[in-house]
Amino acid sequence: QVQLVESGGGLVQAGGSLRLSCAASGLPFSKHAVGWFRQAPGKEREFVAAVTSSSITTDYRDSVKGRFTISRDNGKNTVFLQMNSLKPEDTAVYYCAANLGYYSTSVAVYDYWGQGTQVTVSS
(Lines give C-alpha, C1' and ligand atoms only; values in the text may rest on other atoms or scores of the structure.)
Protein backbone atom coordinates (compact mmCIF):
# COMPACT_ATOMS: atom_id res chain seq x y z
CA GLN A 1 0.00 0.00 0.00
CA VAL A 2 1.42 3.32 -1.07
CA GLN A 3 1.54 6.04 1.56
CA LEU A 4 2.74 9.62 1.45
CA VAL A 5 2.73 11.37 4.80
CA GLU A 6 3.36 15.10 5.10
CA SER A 7 4.54 16.78 8.27
CA GLY A 8 6.06 20.06 9.42
CA GLY A 9 3.19 22.43 8.86
CA GLY A 10 2.06 24.94 11.44
CA LEU A 11 1.44 28.57 12.28
CA VAL A 12 4.25 31.05 11.61
CA GLN A 13 4.55 34.81 11.38
CA ALA A 14 5.26 36.50 8.07
CA GLY A 15 8.96 36.34 7.32
CA GLY A 16 9.38 33.09 9.19
CA SER A 17 10.35 29.62 7.98
CA LEU A 18 8.99 26.10 7.96
CA ARG A 19 10.35 22.83 6.66
CA LEU A 20 7.85 20.36 5.31
CA SER A 21 8.63 16.66 4.98
CA CYS A 22 6.98 14.01 2.85
CA ALA A 23 7.73 10.43 3.88
CA ALA A 24 6.92 7.75 1.31
CA SER A 25 6.38 4.02 1.65
CA GLY A 26 5.10 1.17 -0.49
CA LEU A 27 6.60 2.36 -3.77
CA PRO A 28 10.00 2.44 -5.52
CA PHE A 29 10.61 5.96 -4.30
CA SER A 30 13.86 6.53 -6.17
CA LYS A 31 12.00 6.06 -9.47
CA HIS A 32 9.32 8.65 -8.71
CA ALA A 33 9.33 12.36 -9.28
CA VAL A 34 7.76 14.26 -6.39
CA GLY A 35 5.82 17.48 -6.39
CA TRP A 36 4.50 19.80 -3.74
CA PHE A 37 1.13 21.43 -4.31
CA ARG A 38 -1.03 23.69 -2.17
CA GLN A 39 -4.67 24.55 -1.89
CA ALA A 40 -6.11 27.59 -0.17
CA PRO A 41 -9.79 27.78 0.82
CA GLY A 42 -11.99 28.38 -2.20
CA LYS A 43 -9.12 28.01 -4.64
CA GLU A 44 -7.87 25.28 -6.91
CA ARG A 45 -4.90 23.14 -5.99
CA GLU A 46 -1.76 24.68 -7.46
CA PHE A 47 1.77 23.60 -8.20
CA VAL A 48 4.48 24.77 -5.82
CA ALA A 49 7.66 22.80 -6.54
CA ALA A 50 8.87 19.52 -7.98
CA VAL A 51 12.00 17.42 -8.07
CA THR A 52 12.94 14.64 -10.43
CA SER A 53 13.72 11.15 -9.17
CA SER A 54 17.47 11.74 -9.20
CA SER A 55 17.31 15.37 -8.03
CA ILE A 56 18.89 16.55 -11.28
CA THR A 57 16.02 18.92 -11.99
CA THR A 58 13.88 21.09 -9.73
CA ASP A 59 11.09 23.45 -10.67
CA TYR A 60 9.15 26.13 -8.80
CA ARG A 61 6.18 28.37 -9.32
CA ASP A 62 7.32 31.92 -9.86
CA SER A 63 5.94 33.28 -6.59
CA VAL A 64 8.10 30.99 -4.47
CA LYS A 65 11.35 31.10 -6.42
CA GLY A 66 14.20 32.24 -4.20
CA ARG A 67 12.20 31.51 -1.04
CA PHE A 68 11.38 27.78 -1.24
CA THR A 69 13.78 24.89 -1.83
CA ILE A 70 12.79 21.33 -2.65
CA SER A 71 15.15 18.46 -1.96
CA ARG A 72 15.01 14.72 -1.45
CA ASP A 73 16.81 11.93 0.34
CA ASN A 74 16.19 8.70 -1.54
CA GLY A 75 17.92 6.71 1.18
CA LYS A 76 15.21 7.85 3.59
CA ASN A 77 12.34 7.91 1.07
CA THR A 78 11.69 11.52 2.00
CA VAL A 79 11.24 14.81 0.17
CA PHE A 80 11.58 18.18 1.87
CA LEU A 81 10.27 21.64 1.17
CA GLN A 82 12.21 24.37 2.94
CA MET A 83 10.08 27.51 3.03
CA ASN A 84 11.70 30.81 3.97
CA SER A 85 10.45 34.39 4.01
CA LEU A 86 6.90 33.14 4.27
CA LYS A 87 4.05 35.44 3.31
CA PRO A 88 0.36 35.40 4.28
CA GLU A 89 -0.47 34.41 0.70
CA ASP A 90 1.47 31.16 1.26
CA THR A 91 -1.27 30.04 3.66
CA ALA A 92 -2.76 26.78 2.39
CA VAL A 93 -2.86 23.04 2.86
CA TYR A 94 0.31 21.64 1.34
CA TYR A 95 0.29 18.25 -0.37
CA CYS A 96 3.06 16.09 -1.71
CA ALA A 97 2.49 13.85 -4.69
CA ALA A 98 4.50 11.20 -6.50
CA ASN A 99 4.62 10.17 -10.13
CA LEU A 100 6.54 7.31 -11.68
CA GLY A 101 9.12 8.73 -14.04
CA TYR A 102 8.81 12.35 -15.07
CA TYR A 103 7.72 15.37 -13.05
CA SER A 104 4.96 17.77 -13.98
CA THR A 105 3.37 20.97 -12.79
CA SER A 106 -0.06 19.43 -13.44
CA VAL A 107 -2.17 17.95 -10.66
CA ALA A 108 -3.61 15.39 -13.08
CA VAL A 109 -0.29 13.68 -13.75
CA TYR A 110 0.47 12.48 -10.23
CA ASP A 111 -0.54 9.00 -9.17
CA TYR A 112 -0.19 9.21 -5.41
CA TRP A 113 -1.08 11.93 -2.90
CA GLY A 114 -0.62 12.59 0.77
CA GLN A 115 -3.31 13.88 3.12
CA GLY A 116 -1.80 17.34 3.39
CA THR A 117 -0.40 19.56 6.12
CA GLN A 118 -1.72 23.00 7.03
CA VAL A 119 0.55 26.01 6.73
CA THR A 120 -0.75 29.27 8.15
CA VAL A 121 1.23 32.50 7.87
CA SER A 122 0.04 35.40 9.97
CA SER A 123 0.66 39.02 9.05
Side-chain angles (χ1 to χ4, degrees):
Q1 180 182 0
V2 175
Q3 279 194 314
L4 300 177
V5 180
E6 302 95 337
S7 61
L11 172 64
V12 64
Q13 288 188 331
S17 298
L18 286 173
R19 189 192 196 205
L20 305 184
S21 298
C22 171
S25 61
L27 75 172
F29 183 71
S30 64
K31 295 183 179 181
H32 283 72
V34 175
W36 282 98
F37 293 78
R38 66 187 182 188
Q39 188 166 18
K43 295 188 177 181
E44 292 188 352
R45 194 167 297 189
E46 64 182 19
F47 170 76
V48 176
V51 61
T52 54
S53 58
S54 58
S55 300
I56 290 178
T57 300
T58 58
D59 193 11
Y60 301 90
R61 71 179 298 107
D62 286 345
S63 63
V64 308
K65 285 180 180 177
R67 300 189 296 123
F68 290 12
T69 303
I70 189 170
S71 62
R72 66 189 293 161
D73 183 341
N74 284 346
K76 296 182 178 180
N77 285 7
T78 303
V79 171
F80 305 98
L81 185 68
Q82 178 67 43
M83 306 187 296
N84 299 328
S85 302
L86 283 161
K87 304 176 181 180
E89 51 264 44
D90 294 318
T91 296
V93 178
Y94 283 69
Y95 300 89
C96 67
N99 182 58
L100 182 64
Y102 64 96
Y103 88 93
S104 174
T105 62
S106 171
V107 169
V109 166
Y110 289 83
D111 298 317
Y112 306 106
W113 290 84
Q115 295 288 85
T117 185
Q118 176 71 46
V119 171
T120 303
V121 184
S122 63
S123 57

How long is the gap from [atom1] on [X] to [atom2] on [Y], to the nearest 0.5 Å?
X: Asn84; Y: Arg67; atom1: CG; atom2: CZ; result: 9.0 Å
X: Arg19; Y: Thr69; atom1: CZ; atom2: OG1; result: 10.5 Å
X: Leu20; Y: Thr78; atom1: CG; atom2: OG1; result: 12.5 Å
X: Asp73; Y: Ser30; atom1: CG; atom2: OG; result: 11.5 Å
X: Tyr94; Y: Thr117; atom1: OH; atom2: OG1; result: 10.5 Å

Heavy-atom count around Glu89 CD within 6.0 Å, excluding the residue itself: above 12?
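Yes, enclosed.
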Which residue, Thr57, Thr58, Asp59, forms the side-chain hydrogen bond (donor to acceptor under 3.5 Å, both in side chains) with Tyr103?
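Of Thr57, Thr58, Asp59, side-chain hydrogen bond (donor to acceptor under 3.5 Å, both in side chains) with Tyr103 is met by Asp59 alone.
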Look only at the side chain of Glu6 and the backbone of Gln115, and say whether a donor-acceptor pair between them is shorter than 3.5 Å.
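Side chain of Glu6 to backbone of Gln115, a donor-acceptor pair under 3.5 Å: yes, one is there.
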Are the side chains of [Y] and [X] in contact, using a 4.5 Å heavy-atom criterion?
X: Tyr95; Y: Gln39; result: yes
X: Leu18; Y: Leu86; result: yes
X: Val48; Y: Tyr60; result: no

With disulfide (SG to SG under 2.5 Å) as the rule and sequence neighbours excluded, what pairs involving residues 75-123 come up?
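Applying disulfide (SG to SG under 2.5 Å) to every pair that reaches into residues 75-123, excluding sequence neighbours, yields Cys22-Cys96.
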For the pair Lys87 and Asp90, find out whether any cationic side-chain nitrogen is under 4.0 Å from an anionic carboxylate oxygen.
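Answer for the salt bridge query: no.
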Within 45° of the axis and under 6.0 Å from the centre of the six-membered ring of Phe47, does NZ or CZ of Arg38 qualify?
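Pair Arg38/Phe47 does not count as cation-pi.
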